[in-house]
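Here is the structure we will look at.
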Amino acid sequence: MIDLAFSTALQWQRWAFGAAQMMVSSATVIQIRVMQMSLGTMHPEEATRMVFEKSSALAKATEMTNRALAANKGPAAAALAGLAPYSQATRANAQRLSRRSRG
């Protein structure tokens with residue numbers, strides 16, 4: 001019983017840390033995109049990506065969450081699984097846009 005409680009607490013801790021990392025990456029992406037829009041340097045592909053990536057991440061997050069719930073892994077594992085697609089997308093965007101804005 002204690003192992004299960006510890007495992008669940010650890011999963012929630014991982015989720016909280018992942019959510020915090022995602023928020024930092026999101027802030028970076030928003031800052032760079034707003035700057036590009038205000039300077040008129042945003043490429044049309046970036047504007048399109050900005051719109052369509054949300055629905056793609058939502059679909060993947062929903063799938064991952066439902067798979068974790070169907071496998072009876074518990075709410076903490078489901079939340080962690082659902083966070084992963086958003087975290088990956090925001091981290092990739094932050095890295096890509098940071099490289100582009102420097103170079």
Side-chain angles (χ1 to χ4, degrees):
M1 184 65 144
I2 292 177
D3 289 341
L4 178 63
F6 181 73
S7 174
T8 302
L10 189 58
Q11 287 175 331
W12 282 118
Q13 185 180 28
R14 286 183 187 139
W15 180 88
F17 185 70
Q21 286 180 315
M22 184 186 66
M23 286 186 258
V24 171
S25 295
S26 296
T28 301
V29 170
I30 291 167
Q31 177 190 11
I32 293 171
R33 284 179 171 167
V34 167
M35 191 179 311
Q36 287 176 345
M37 284 187 274
S38 66
L39 296 173
T41 60
M42 179 178 274
H43 297 289
E45 297 84 18
E46 186 65 29
T48 302
R49 170 182 257 165
M50 196 167 65
V51 174
F52 288 111
E53 69 187 2
K54 313 274 186 300
S55 58
S56 175
L58 174 63
K60 189 66 177 173
T62 302
E63 176 191 352
M64 301 288 284
T65 301
N66 288 333
R67 283 178 181 262
L69 291 172
N72 202 24
K73 292 184 178 179
L80 194 56
L83 180 67
Y86 291 114
S87 295
Q88 291 166 359
T90 55
R91 190 176 324 114
N93 281 338
Q95 290 172 350
R96 179 179 48 77
L97 290 169
S98 293
R99 278 194 305 269
R100 185 181 292 170
S101 67
R102 280 188 252 142

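Residue indices begin at 1 and follow the sequence shown.
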(request) Mind listing the closest non-hydrogen atom pair of Ala94 and Ser25 along with its distance? (result) CB-O, 4.0 Å
(request) Return yes if some donor-acceptor pair links the side-chain N/O of Thr62 with the main-chain N/O of Leu58 below 3.5 Å, else return no. (result) yes
(request) Calculate, to the nearest 0.5 Å, the distance between atoms OG and CD belonging to Ser7 and Gln11 respectively. (result) 4.5 Å
(request) Could you list all the salt bridge (charged side-chain N to carboxylate O under 4.0 Å, His left out) pairs where at least one residue sits in residues 48-59, not counting sequence neighbours? (result) Arg33-Glu53
(message) To check you understand the geometry: which heavy-atom pair defines the closest contact between Ser87 and Gly18, and what is its length?
(response) OG-O, 3.9 Å
(request) Mind listing the closest non-hydrogen atom pair of Gly82 and Ala61 along with its distance? (result) O-CB, 3.2 Å
(message) If you compare all heavy atoms of Thr90 against all heavy atoms of Met22, which two are closest, and at what distance to 0.1 Å?
(response) OG1-CG, 3.4 Å
(request) Working to the nearest 0.5 Å, report the span between CE of Met50 and CD1 of Ile30. (result) 10.0 Å
(request) Could you tell me the separation between the OG1 atom of Thr8 and the CD atom of Gln13, rounded to the nearest 0.5 Å? (result) 12.5 Å
(message) I need the Asn66 CG to Met64 CE distance, nearest 0.5 Å.
(response) 11.0 Å
(request) Identify whether Met23 and Leu83 are in the same connected component of the hydrophobic contact network (ILVMFWY, side-chain heavy atoms under 4.5 Å). (result) no
(message) Please say yes or no: joined through hydrophobic side-chain contacts below 4.5 Å, possibly via intermediate residues, are Leu69 and Trp12 part of one cluster?
(response) no
(request) Count the heavy atoms of every other residue, nucleotide or ligand shown that sit under 6.0 Å from CD of Gln31, and state whether that count exceeds 12. (result) no
(message) Rounded to the nearest 0.5 Å, what separates atom NE2 in His43 from atom CD in Gln36?
(response) 7.0 Å
(request) Can you measure from CG (Leu97) to CE (Met35) and round to the nearest 0.5 angstrom? (result) 11.0 Å
